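Take a look at the structure below.
Treat the numbers as computed from the prediction; the structure is a model and nothing was measured. Labels below follow one simple rule: chain letters A, B, ... track the order of the sequence lines, proteins then strands, and each chain is numbered from 1.
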Amino acid sequence: MTKSSWLKPTVLPGFGLSLGFATFYLSLIVLLPLAALLGHSLTLSWAEFWKVVASDRAIASYQLTFGASFIAAAVNLVFGLIVAWVLVRYNFFGKKVIDALVDLPFALPTAVAGIALTAIYAPNGWIGQHLSALGIKAAYSPLGVTLALIFIGLPFVVRTVQPVLEDLEKEIEEAAASLGANRLQTFCRILFPALLPSLLTGFALAFARAVGEYGSVVFISGNMPMKTEITPLLIMTRLEQFDYAGAAALGSVMLFISFILLLLINLLQHWSNNRHGAKA
Amino acid sequence: MSSLPLAFSHPAAAALRKATTEPAWVRLLLTCIALLFLALFLVLPLFIVFSEAFARGAELYWASISEPAALHAIKLTLIAAAIAVPCNVIFGLAASWAIAKFQFKGRQLLITLIDLPIAVSPVIVGLSLMLIFGARGYLGDWLMDHDVRIMFAVPGIVLATIFITFPFVARELIPLMQEQGREQEEAALTLGANGWQTFFRVTLPSVKWALLYGVILANARAMGEFGAVSVVSGKIREQTNTMPLHIEILYNEYQFAAAFAVSSLLALLALVTLLLKSLLEYKAAKNLAVTGPN
């Protein structure tokens, strides 16, 4: 195979050096460790592997991890759309500051978020005491896990919807209105379908982030096996018991799910860009 | 001057405005819902960090952040970020040069693989490193024989931090460099510049704000990383404790005020990060307005 059959010719130099270094570094830092993880889980026989990844404790942890992540991403889908809408369409005092603050969950270390949320929702905390008076246990329960995951995933929907909403042409809405649609019809039939790909992308990103989250959840969850133990924590427990193969087996299950989610997100972004690009 | 109020009071204009925006009560309701949601999930946690940090007075606050264990944790956090971020800057520049300036097969795959660390759980990052460098990992015996410590030592923490912050710089640079195309570099080459000159005098200046943006995001993540580092560090006080791990230890020892005091430093870092980020976004928008989209 000649070089030009897979590389379009250009006068710019440095292709070999930059691509070579980038792939070497990628392989060394990212691919090699992940391959080691998969390799290690292969040391188990299929029956042993299945026993680890389908144990009652593991299944309880999947249910909590995926259930809480799904609910958190759904909450962010609804409120993220409202926040993005308000930030793009309305004017109010302090809008710029609030816009900047939306990225806080990206910038605030997860351990800090974890202890702050626990202080708020613990039975003697600011909000926790009122909730426990109503008989609702927030911290140290699946609800607490969900609250932490809402915080972690908050920016994703806002940041994927915001640019699409900004670029939507006002003329389309005017046309809908002049053809007799009321505001709700315009939103449901014109705006919402246009926003749907970006909404779903934001949802998937928030979900993927929540599934892998560890730092903020360990503080607020209470970490009771079968009840409030997320899968990353179960991996941690296995590791602390020097059960490397068990940890690797659970880790490769999660890695596989991450791959699928990444693929899904890529497809959604592709769809979103196509739609978005076709309009512009 | 007089046409403006006229336009607004014109019945057709008023009808158009009414047709393309919501009634005032809906606007108010949506704004209130959005602000309440953000106040509950963003402002309150931030406020709690600072109020709890000073709950036992400024003296204890100062003592908590100036004790030897805290100072060591701060130092280690700074060291890890100071190694990880430049490594990823070099990678980001190399990867974006190859991806944005050349058309080759497998380009899309490379972009997807660069995004991979964002989708992988931090605990899995730590676990993977453990399975290579840990006592029972693939290289465990060899490292033991040669007396090299990577796990439960600083190199492990640095490796985990590099993995976690891997995509940040590259992700900011790739789309921008793709958008800029290659005409400028081609012009520089025709005028007799060599490859490195072209890169340092033409490409690098034109992406400097995006580069800085990536560095700021990577730095914030590097200093705050908890999950991955917590697997590989072993949490030995004054040896392998970073700030987030130090916070966990203090918290688990019920030293809440001290835990929040150290947290407040990281929260401050987060606020500075957000401020710089907004400034850079403002700057990039202004640049675009001056040069105009081409």
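A/L26 touches chain B through backbone and side chain together, each having a heavy atom under 4.5 Å away. B/S278 touches chain A through its side chain: at least one heavy atom from C-beta onward sits under 4.5 Å away, while N, CA, C and O do not. No part of A/I257 comes within reach of chain B, as not one of its non-hydrogen atoms sits under 4.5 angstrom from that chain. Contact annotation for A/Y121: only side-chain heavy atoms (C-beta onward) come within less than 4.5 Å of a heavy atom of chain B. Heavy atoms closer than 4.5 Å to chain A are found in both the backbone and the side chain of B/L42. Proximity to chain B is limited to the side chain of A/L17, based on heavy atoms less than 4.5 angstrom apart. For A/T110, the parts lying under 4.5 angstrom from a heavy atom of chain B are both the backbone and the side chain. In this structure, the portion of B/L46 lying under 4.5 Å from any heavy atom of chain A is its side chain and not its backbone. B/K101 touches chain A through backbone and side chain together, each having a heavy atom under 4.5 Å away. Contacts of A/L205 with chain B are absent, with no heavy-atom separation under 4.5 Å from either backbone or side chain. Contact annotation for A/F259: only side-chain heavy atoms (C-beta onward) come within less than 4.5 Å of a heavy atom of chain B. When heavy atoms are compared at a cutoff of 4.5 Å, B/I111 does not approach chain A at all. Residue contact with chain B, scored on non-hydrogen atoms closer than 4.5 Å, involves the backbone and the side chain of A/L12 alike. If you measure heavy-atom distances from B/F166 to chain A, the contacts under 4.5 Å come from the side chain alone. For chain A, the nearby parts of B/L266 are the backbone and the side chain; heavy atoms of each come within less than 4.5 Å. A/N266 touches chain B through its side chain: at least one heavy atom from C-beta onward sits under 4.5 Å away, while N, CA, C and O do not.
Counting heavy-atom pairs closer than 4.5 Å to chain B, the top-ranked of the candidates A/G251, A/A247, A/A116, A/P105 is A/A116. Interface check for chain B: of the options A/V11, A/V83, A/L262, A/V30, the most heavy-atom pairs under 4.5 Å are formed by A/V30. Ranked by heavy-atom pairs under 4.5 Å with chain A, the list B/F133, B/W196, B/F163 is led by B/F163. Ranking B/L116, B/I33, B/D115, B/V49 against chain A, the residue ahead of the rest is B/L116, based on heavy-atom pairs under 4.5 Å. Between chain A and the options B/E52, B/E186, B/Q108, the largest number of non-hydrogen pairs under 4.5 Å is found for B/E186. Between chain A and the residues B/L113, B/V43, B/L93, B/N219, the largest count of heavy-atom pairs under 4.5 Å involves B/L113. Of the listed residues (A/L250, A/V102, A/T231), the greatest number of heavy-atom pairs within a distance under 4.5 Å of chain B belongs to A/V102. Ranked by heavy-atom pairs under 4.5 Å with chain A, the first of B/C87, B/A170, B/S96 is B/C87. In terms of non-hydrogen atom pairs under 4.5 Å with chain B, the most contact-rich of A/A84, A/G125, A/S18, A/A100 is A/S18. Between chain A and the residues B/L245, B/L274, B/T273, B/L275, the largest count of heavy-atom pairs under 4.5 Å involves B/L274. Residue with the most contacts toward chain B among A/L32, A/I235, A/I150, A/L184: A/I150 (heavy-atom pairs, distance under 4.5 Å). Comparing A/I98, A/L19, A/I120 by heavy-atom pairs within less than 4.5 Å of chain B, the highest count is held by A/I120.
In this structure the side chain of A/L154 reaches within 4.5 angstrom of the side chain of B/L38, judged on heavy atoms. Residues A/L7 and B/Q103 fail the side-chain proximity criterion, which asks for heavy atoms closer than 4.5 Å. B/W97 is not listed as a side-chain neighbour of A/F15, based on a closest heavy-atom distance of 4.5 Å or more. With contacts defined as side-chain heavy-atom distances shorter than 4.5 Å, the pair B/R221/A/F106 does not qualify. At least one side-chain heavy atom of B/F37 sits less than 4.5 Å from a side-chain heavy atom of A/N76. Residues B/L40 and A/I127 form a side-chain contact, since some pair of their non-hydrogen atoms from C-beta on lies under 4.5 Å apart. Side-chain contact between A/I115 and B/S263 is present, with at least one heavy-atom pair separated by less than 4.5 Å.
Scanning for ring-ring contact (aromatic ring centres under 6.0 Å, His included) contacts around A/F92 gives an empty result, with sequence neighbours left out. Under the salt bridge (Lys or Arg N to Asp or Glu O under 4.0 Å) criterion, A/R89 pairs with A/E173, sequence neighbours left out.
Among all heavy-atom pairs drawn from A/Y90 and B/L30, the shortest one is OH-CD1, 3.6 Å. Annotation for B/L189 and A/P13: closest pair CD1-CD, 3.7 Å, computed over non-hydrogen atoms. Of all non-hydrogen atoms in B/S230 and A/M236, the two that sit nearest each other are OG-CE, 2.8 Å. When every heavy atom of B/F226 is checked against every heavy atom of A/A111, the shortest pair comes out as CD1-CB, 3.8 Å. Of all the heavy atoms in B/A270 and A/A107, the pair that sits closest is CB-O, 3.5 Å. The nearest pair of heavy atoms linking A/R183 to B/T21 is CD-O, 3.5 Å.
Pairs engaging residues 246-264 of chain A under the salt bridge (charged side-chain N to carboxylate O under 4.0 Å, His left out) rule: none recorded [sequence neighbours left out].
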Evaluation steps, side-chain contact (heavy atoms from CB on, under 4.5 Å), between B/Y282 and A/K96: CA-CA 11 Å; B/Y282 175 74; A/K96 284 224 168 92; over 6 Å; no
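Aromatic ring orientation, B/Y251 versus A/F219: perpendicular (interplanar angle above 60°, classes split at 30° and 60°). Ring geometry for A/W126 versus B/F47: interplanar angle over 60°, hence perpendicular rather than tilted (30 to 60°).
A donor-acceptor pair is defined here as one N or O able to donate and one able to accept, closer than 3.5 Å; such a pair exists between the side chain of B/R136 and the backbone of A/F242. One N or O on the side chain of A/S258 and one on the backbone of B/A119 form a donor-acceptor pair closer than 3.5 Å.
Between B/F91 and A/F21, the ring centre distance reaches or exceeds 6.0 Å. Aromatic ring centres of A/F151 and B/F41: separated by at least 6.0 Å.
Just one residue in the list A/L38, A/L34, A/L37 forms a side chain to side chain contact (heavy atoms under 4.5 Å, CB included) with B/L131, and that residue is A/L37.
For residues 123-130 of chain B, a heavy-atom distance under 4.5 Å to chain A picks out B/V123, B/I124, B/L127, B/S128, B/L129, B/M130, given by residue number.
Taken to the nearest 0.5 Å, the OG1 atom of A/T118 stands 9.0 Å off from the CZ atom of B/F256.
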